[in-house]
Amino acid sequence: MTALSSYSTGTVSVSADGTTVTGVGPLWSSAGNVKPGDLFQSGHYVVPITDVTDDTHLAITPWPGSTLSGASYVVWKVSQQRIVGETYAASVDKIVGAWNTSGFFVFVDINETEPDPSLGDDGQYAFQPTSGKTWAKVSGVWSFLGIYKAFRPRGAYDNAATYSYGDVQTTAGSSYIYINETPSAGHTAPNPTYWDLMAAKGDPGATGSTGAGYGGTSTTSLAIGTGSKAFTTQAGLAYTNGARVRASSGANWLEGVATYGGTTLTITSDKTNGSGTLASWTFNVAGQPGAGDLSSANNLSDVANIATARANLGAGTVNSVTAGTGLSGGTITSSGTIALALNNATLQAAPSNPAGVASFVMLGLGSTCHITPIYSTRILVTISGHASNGGAGTFTNLTIRYGTGTAPANGASPTGTTATTPMSVASSTNLTPFSLTTIITGLTAGVAYWLDLSASPLSGTSSLGGINCTAVEL
């Protein structure tokens, strides 16, 4: 079986035959731990509780025992008010009482256009939260009062955006509030069907007064020169003490740090241009001179020490030219011109006469005719000599070829890269001279290249001799 529920937190005090119990540490009222009708017990005495005054005070029937102070106790939870039906009935009474209160709102569903006529009493209101629409029931009929929504700022007007009642936007500096019950887009303000002006753009303010400026003039007669120069000028100018000011009269001027007060402008002149005593001056602010203080018109001729200036610039003096890639040094002429000499690769060779050829083969000149470019990718090549053949009217086709690696031997199959188109040499029994010249490009500096001829006699055996190879790096 379930034990009888009780509450015994804290201690109590009560006078003999008293009707008020005072507690220390309990929560009798706010937590619902004690209700009227529960039984209060301390020791062997038990009395009914007639009321729960607050968390620390109970009303009881007269206490039959002796006076208690700081005594333990127990409250037996047997009140009829703890029966569920009674509690619910009291709560329902409160709810019904609230519903019947004048001004209580009836809520309108999002899909409804007006309140249910069967709901509410006269004096009550109906409200639709999604739209802000509000009604009041008068003489049994719901009467529409209007739309009551908080403003919703939307920023600058967007013609593609959808606006709802209470939306606020700005157009051309003025703010407008959307007043149509139906949300819509594409209605630019001002349009009284959709927008109401909230705040119009203000008119431009009046132009402020002109502040103090620079400039100023003077008719004080003063000579161009350094030192203190006091000018009488206009009052109210913007110059401050310590500013640098230039006083000009045509092409003549003086400038320096100035002080200004009232109608007197005093310049401590430290820079000047021109000369003479003048009495027509105009003033303006001047920049602080740089430390070098040179004039571009003098092309550096106004430096104090040319040698020192050159050293400071890191220019130095050219006395010699050091050889480098592609250069073998140089000399400086009396006029100061530097003459450089090219240190480029060259070839001058006369290989031995190759054996006669009777088919399309290499002559084997590459072991003698070879060159390594130093800095360039181009060389100028010439191979010359004479050719002969025992057959009358026979021709031999000659072509310059080049390559890297091991040079081909005499009689080897044609190889390498062709540098010229074939030259046909009439090689009869007589010696026929020939010379082939070409520029070879696309080479790599530091790589050795062999140079050779491929020969192709039309018939018989061709003999070539007196060959010379020349090449120079471009």
Side-chain angles (χ1 to χ4, degrees), residues 151 153-157 168-176 189-190 197-318 336:
F151 294 154
R154 296 287 299 276
Y157 177 74
V168 178
Q169 54 89 359
T170 57
T171 298
S174 297
S175 58
Y176 297 84
L197 178 66
M198 284 189 67
K201 179 182 178 181
D203 295 328
T207 302
S209 57
T210 302
Y214 296 105
T217 60
S218 176
T219 57
T220 303
S221 179
L222 291 171
I224 295 290
T226 59
S228 179
K229 306 289 182 178
F231 298 86
T232 299
T233 186
Q234 293 80 23
L237 299 178
Y239 299 108
T240 58
N241 294 340
R244 189 172 183 86
V245 180
R246 173 175 290 191
S248 302
S249 183
N252 305 290
W253 54 263
L254 59 86
E255 67 177 47
V257 176
T259 59
Y260 174 70
T263 60
T264 301
L265 177 67
T266 302
I267 300 175
T268 302
S269 174
D270 57 17
K271 288 181 65 65
T272 65
N273 185 68
S275 62
T277 298
L278 308 164
S280 178
W281 303 94
T282 57
F283 304 116
N284 216 325
V285 290
Q288 187 67 24
D293 200 19
L294 299 178
S295 172
S296 60
N298 295 329
N299 296 313
L300 298 180
S301 64
D302 46 1
V303 296
N305 187 304
I306 294 177
T308 301
R310 181 187 296 114
N312 290 337
L313 290 173
T317 301
V318 178

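Everything quoted here is computed from the prediction, not taken from an experiment.
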**Message:** Would you say that Leu222 contacts Phe231 through its side chain, given a criterion of any heavy-atom pair below 4.5 Å between the two side chains?
**Reply:** yes

**Request:** Answer yes or no: is there a side-chain heavy-atom contact under 4.5 Å between Tyr239 and Val245?
**Result:** yes

**Minimum side-chain heavy-atom gap Leu278-Ser221 below 4.5 Å** = no

**Asked** Please, which pairs that meet side chain to side chain donor-acceptor pair (under 3.5 Å) have at least one residue in residues 222-237, sequence neighbours excluded?
**Response** Thr217-Gln234

**Asked** Closest heavy-atom contact between Gly256 and Ile267?
**Response** N-CG2, 3.4 Å

**Request:** Taking all non-hydrogen atoms of both residues into account, name the closest pair between Gly236 and Ala212 and its distance.
**Result:** O-CB, 3.4 Å

**Request:** Look only at the side chain of Ser175 and the backbone of Ala199, and say whether a donor-acceptor pair between them is shorter than 3.5 Å.
**Result:** yes

**Message:** Any non-hydrogen side-chain atom of Tyr176 less than 4.5 Å from a side-chain atom of Tyr157?
**Reply:** no

**Message:** Testing the basics here: between Ser269 and Gly225, what is the closest heavy-atom pair and its distance to 0.1 Å?
**Reply:** OG-O, 2.9 Å

**Item:** Residue pair Arg244 / Pro289, side-chain heavy-atom distance below 4.5 Å
**Value:** yes

**Message:** Checking the side chain of Asn273 only, and the main-chain atoms of Ala251 only, is there a donor and an acceptor separated by less than 3.5 Å?
**Reply:** yes

**Prompt:** Can you tell me if Ser174 uses its side chain to pair, donor with acceptor, with the backbone of Lys201 under 3.5 Å?
**Reply:** yes

**Gap between atom CZ of Arg246 and atom OG1 of Thr282 - 0.5 Å precision** = 10.0 Å

**Prompt:** What is the distance from atom CZ of Phe151 to atom CE of Met198, rounded to the nearest 0.5 Å?
**Reply:** 4.0 Å

**Prompt:** What is the minimum heavy-atom distance between Ala230 and Thr220, and which atoms define it?
**Reply:** O-CG2, 3.6 Å

**Asked** Counting distance only, does the side-chain N/O of Tyr260 pair as donor-acceptor with the main-chain N or O of Gly262 below 3.5 Å?
**Response** yes

**Item:** Non-hydrogen side-chain atoms of Ser248 and Trp281 separated by less than 4.5 Å
**Value:** no

**Fill in**
Minimal heavy-atom distance between Gly216 and Leu237, with the atoms involved, is CA-CD1, 4.1 Å

**Complete:** Here the gap from Arg154 atom CZ to Gln169 atom CD, rounded to the nearest 0.5 Å, amounts to 9.5 Å

**Message:** Quick one: does any side-chain atom of Asn252 pair with a main-chain N or O of Ser275 as donor and acceptor, under 3.5 Å?
**Reply:** yes

**Complete:** Note: Thr277 and Ala223 closest approach over all heavy atoms is OG1-CB, 3.5 Å

